[in-house]
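Everything numeric here is computed off the predicted structure, so don't read it as measured data. Lettering of chains follows the sequences in order, A, B, ..., and the numbering in each one begins at 1.
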Amino acid sequence: MSVRVRMAPSPTGMLHIGSVRTFLFNWLFARQQGGEVLLRIENTDTSREVEEATEQIQRSLRWLGIDWDGPVRFQLDRMEDAQRFARQLVDEGKAYEDEGAIRFRMPDEGTTGWVDVIRGRVEVPNESIEDLVILRADGRPTYNFANPVDDMLDEITHVIRGQDHISNTPKQLQILHALGAEAPVYAHAPDVLGTDGKKLSKRHGAQSVEDFHREGYIPEALVNFLARLGWAYDDKTEVFTRDELLEHFRLDRVTPSPAVFDYQKLTWLNGVHLRNLTPDEYADRVVQYLREAGLEWDEELVRRAAPLVQEKIERLDHFPDYTRFFFEEVKPAVPLDGAGPVLEQAEAALAAVEPFEAEPIERELRALADRLELKPREAFQPIRIAVTGSKVSPGLFESIELLGKDETLRRLAAARAGAA
RNA sequence: GCCCCCAUCGACUAGCGGCCCAGGUCACAGCCCUUUCAAGGCUGUAGCGCGGGUUCGAAUCCCGCUGGGGGCACCA
């Protein structure tokens, strides 16, 4: 039997990171099994926002590299099927009318249970389950009816969803049974919590895929991090590429307990993946990010500046902080009292450097420090501040090379004038 | 109130009866490296919720408690 799963977001707005995690589990599991992934938008209401949210969801999934098969489906499309099945259940005495709506007749005795891939055996006493409405008075199916009907019609083999659905599962199992359908395998993934132990929400910070994108996180890191939330391969591996995840992920190794979303660890992981990109790829990401952020900096210069900060930043949105001085006029943010002599000599020394490249530049400046009997850091810091405007910058020599001789000398002179 | 789920360092987790006086990672602290910031290297602080069992032996199995969370809609 070939595997088929479905990702079923409700089109209420941005794609929440918690949903993404369960989608990722669906995707990883199905893809490694050579199975199919369906994208089904679950909303029995037609609202004005649906179209927009649906687009948004797809954009976010594509950005993450989570793909799906076939066209996007909508729960709404199966409304007539649901109505037909509801009527059939009434005819068979398995459901009944109640004030215009149709209720499903739940058994009063015994238990309904299943073997959850993540949790093991789960069992619920039938007497605790009410006869639920499956068709509203206006004819629209309710979620707990539309959902299993869709799963049945779509021939879903594995339902991997959030643990908040655990209490829905026995209901859906009963409906499936009444419909004569074979039950899919269920796996209920744990929740993703905020630092306060409550379900992740706006007040915890970024929560939609868009938010993370905007904050300079890259898909590789987000996917890696999300996969590790509730799952581990062994006792030591933290960093995974997408392919490694596809190779090692195991649904039955997902922990049943909820996990706290640790932004700091995500950020660390983002830095790791940023550093793992090839220089060209890294430059591409930076260019793209800056463009999306609306910063119109010269692309060629951005590409040349990129390698200078690949080792230094953890998030793409930090790029401008390190490289602004290449693109804009800078004023030393720190006083340069007493630095006059160093700056003057640096100016003279650099004026003679040819070719104007990092290596000879470094040689000259180190020689200068020796002459002045200054420690390297003492000599370089004022130069750094004069040239980059900041105490923190990419490598000084590479920066000076990229900035060019004319501009470097100009800044040195300007700073010297200010320091005097 | 009823039903269900969960429980190892601050966080993510490894552990599935002896290999564990509990290992890795993030964060934190110190040291090293060093042109700043990073990266990297080394070291350290820190945990099996509690109480009963079972067993020669329990973080690991069972029961109870406590504490978290979810659900009980003509919402999804």
When you check the phosphate oxygens OP1 and OP2 of [N], does a side-chain N or O of [X] lie under 4.0 Å from one of them?
X       : N       : value
R366(A) : rU35(B) : yes
R377(A) : rU36(B) : yes
R103(A) : rA73(B) : no

Between [Y] and [X], is there a side-chain donor-acceptor contact under 3.5 Å, judged purely by atom types and distance?
X       : Y       : answer
R384(A) : Q381(A) : yes
N144(A) : Q172(A) : yes
E314(A) : N270(A) : no

Atom [atom1] of [X] and atom [atom2] of [N]: how far apart are they, to the nearest Å?
X       : N       : atom1 : atom2 : result
K375(A) : rC33(B) : NZ    : P     : 12 Å
L226(A) : rC26(B) : CG    : C1'   : 16 Å
M7(A)   : rA76(B) : CE    : C1'   : 18 Å

Checking contacts here: which listed nucleotide ([options]) is nearest the side-chain heavy atoms of [X]?
X       : options                   : result
R253(A) : rU36(B), rA14(B), rC12(B) : rA14(B)
R140(A) : rA76(B), rA14(B), rC37(B) : rA76(B)
W268(A) : rC74(B), rC26(B), rG71(B) : rC26(B)
K171(A) : rC72(B), rU35(B), rG10(B) : rC72(B)
E99(A)  : rC74(B), rA27(B), rU13(B) : rC74(B)
D164(A) : rG70(B), rU13(B), rG40(B) : rG70(B)
Y322(A) : rC72(B), rC37(B), rC26(B) : rC37(B)
N168(A) : rA76(B), rU35(B), rG15(B) : rA76(B)
K312(A) : rA76(B), rC12(B), rU36(B) : rU36(B)
E42(A)  : rC72(B), rC74(B), rA76(B) : rA76(B)

With under 30° as parallel and over 60° as perpendicular, where do the rings of F240(A) and W231(A) fit, or are they tilted in between?
tilted

In terms of relative ring orientation, are F212(A) and Y263(A) parallel, tilted or perpendicular, with 30° and 60° separating the classes?
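The rings of F212(A) and Y263(A) lie parallel, inter-plane angle below 30°.
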
Using the rule given for ring-ring contact (aromatic ring centres under 6.0 Å, His included), can you reason through Y143(A) versus H165(A), listing the C-alpha separation, both sets of side-chain angles and the distance that settles it, and then say yes or no?
CA-CA 11 Å; Y143(A) 168 79; H165(A) 286 286; 5.7 Å; yes

About how many Å separate NE2 of H213(A) and CD1 of I218(A), when rounded to the nearest 0.5 Å?
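Answer rounded to 0.5 Å: 11.0 Å.
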
Approximate separation, where rounding is to 0.5 Å, of I66(A) CD1 and M7(A) CE
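CE of M7(A) is found 6.5 Å from CD1 of I66(A).
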
Sorted by number, the residues of residues 234-241 of chain A with heavy-atom contact under 4.0 Å to RNA chain B:
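Result for residues 234-241 of chain A: D234(A), D235(A), K236(A), E238(A), sorted by number.
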
Considering every strand and a 4.0 Å limit on heavy-atom distances, what is the contact class for [X]: base, sugar-phosphate, or nothing?
X       : answer
A137(A) : base
F397(A) : base
L396(A) : base
P394(A) : base

For [X], is the [atom1] atom crowded, meaning more than 12 foreign heavy atoms sit under 6.0 Å from it?
X       : atom1 : result
E155(A) : CD    : no
E92(A)  : CD    : yes
R304(A) : CZ    : no

Report each atom pair, protein N/O against N/O of nucleotides 5-8 of chain B, whose distance is under 3.5 angstrom.
unit_1 : atom_1 : unit_2  : atom_2 : d
rC5(B) : O2'    : R119(A) : NH1    : 2.4

Watson-Crick/G-U partner (both atom distances under 3.5 Å) of [N]:
N       : result
rC21(B) : none
rG49(B) : rC65(B)
rU55(B) : none
rG1(B)  : rC72(B)
rG44(B) : rC28(B)

Taking atom types as they are modelled, is there a donor-acceptor pair under 3.5 Å from the base of rA76(B) to the side chain of N147(A)?
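For N147(A), whose side chain was compared with the base of rA76(B), there is no donor-acceptor pair (under 3.5 Å).
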
Determine the interatomic distance between P on rG23(B) and the same-named atom on rC9(B); round to the nearest Å.
14 Å

